[in-house]
Amino acid sequence: MAGKKRYWLFKSEPNVYSIQDLEREGVTPWDGVRNYQARNLMRDEMRVGDGILFYHSRVAPMAIVGRAEVVAEAHPDPTQFDPSHPHFDPRAHPDEPRWYCVDIGFVEAFEKPLLREELKRIPALEDMMLLQKGCRLSVQPVRPKEWKAILRLVSSRS
DNA sequence: GCCAACGTTGGC
DNA sequence: GCCAACGTTGGC
C-alpha cells in the first residue's frame with residue numbers, strides 16, 4: 001500500500017536553478033545535494049507524488065515561487081562520480097554510492113510569489129522550518145497544515 | 001558583503 | 001570519540 005502523501009520544500013538559488021528553469025525542462029534530477037540530512041530525506045522519505053514547494057533563496061525577494069512534485073524516487077546522484085563536475089566526491093564509488101537524489105517535475109509557477117516577508121506574518125506558518133532562525137537545510141519537510149495554508153494563500157490571490 | 005549558525009573534518 | 005578548526009549556507 002502506498003504511504004500517505006507528504007510535503008517538502010526545496011531551496012534553490014535562482015541564478016543556479018530557478019522555477020523558470022524547471023518549467024522549461026519539465027523534470028530534473030535534484031542533484032548536487034551534499035548534506036546527509038537532506039540526502040536521507042530524499043533517499044528514505046520521499047515518494048512519487050509528494051508535493052514540493054519551490055523556494056528561491058539568497059536573492060531579493062526571497063520567496064516560494066511555485067510548486068513541483070516528486071516524479072522519481074531516489075537514485076544515486078551521477079554527479080558524485082564525475083571528476084569534472086564541481087560536486088564530484090572522490091570518496092564515492094559506483095558500487096557504494098554516497099549521495100542520492102530524487103527527480104522532480106514542474107507543477108506550476110505562482111503568478112505572485114509568496115514573499116518570505118509575508119510568510120513570516122502568517123500564524124499558521126509560525127513553526128515552519130523555513131522560517132526558523134539558522135535553518136540551513138536545503139531540502140526540508142513541510143507540515144500538511146502549512147502546505148494547506150500556503151496553497152490557500154496562493155488561490156486567494158489569483 | 002557580512003557573519004551567525006551549522007555541518008564536516010581530522011588531529012589527538 | 002572528542003572537539004577545535006575549518007568550510008559552507010543563507011538571511012540580513
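We name chains A, B, ... by the order of the sequence lines, and we start the count at 1 in each one. Please read these numbers as outputs of a predicted model, since none were measured by experiment.
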**OP:** Could you give me the CA-CA distance, side-chain angles and deciding distance for N35(A) and L137(A), then say whether side-chain contact (heavy atoms from CB on, under 4.5 Å) is met?
**Re:** CA-CA 8 Å; N35(A) 170 283; L137(A) 197 58; 3.6 Å; yes

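Rounded to whole Å, atom P of dT9(B) lies 12 Å from atom CZ of R34(A). Straight-line distance from the CE atom of M129(A) to the C1' atom of dC6(B): 14 Å, rounded to whole Å. Straight-line distance from the CG atom of D89(A) to the P atom of dG7(C): 17 Å, rounded to whole Å. Summarising the geometry, the separation between CG on L137(A) and C1' on dG11(C) is reported as 15 Å, rounded to the nearest angstrom. Between Y36(A) atom OH and dT9(B) atom P there is a gap of 5 Å when expressed in whole angstrom units. Distance CZ (R136(A)) to C1' (dG11(C)): 12 Å, rounded to an integer number of Å. Taking atom NZ on K120(A) and atom P on dG11(C), their separation rounds to 10 Å, with Å as the unit. As a whole-Å value, the separation of E13(A) CD from dT9(C) P is 8 Å.
For dC12(C), one of the phosphate oxygens OP1 or OP2 lies less than 4.0 angstrom from a side-chain nitrogen or oxygen of R116(A). For dA4(B), the OP1/OP2 oxygens have no side-chain nitrogen or oxygen of K133(A) closer than 4.0 Å.
Residue Y55(A) has its side chain nearest to dG11(C) when only dC12(C), dT8(B), dG11(C) are considered. Listed nucleotides dC12(C), dG11(C), dA5(B) differ in distance to K11(A); the shortest reach to its side chain belongs to dG11(C). Listed nucleotides dT8(B), dG11(C), dG7(B) differ in distance to S57(A); the shortest reach to its side chain belongs to dG11(C). Each of dG11(C), dC6(B), dT9(B) was ranked by its minimum atom distance to the side chain of R91(A); first place goes to dT9(B).
No hydrogens or angles considered: nothing links the side chains of S57(A) and R136(A) as a donor-acceptor pair under 3.5 Å. In summary, the side chains of D103(A) and W30(A) do not present any donor paired with an acceptor at a separation below 3.5 Å, with no hydrogens or angles considered. At a cut-off of 3.5 Å, with distance as the only test, a side-chain donor of D21(A) or S18(A) sits close to an acceptor on the other residue.
E69(A) and R47(A) are not joined by a salt bridge, as no carboxylate oxygen comes within less than 4.0 angstrom of a charged side-chain nitrogen.
Within the nucleic acid shown, Q37(A) comes within 4.0 Å of sugar-phosphate atoms alone, with no base atom in reach, counting heavy atoms only.
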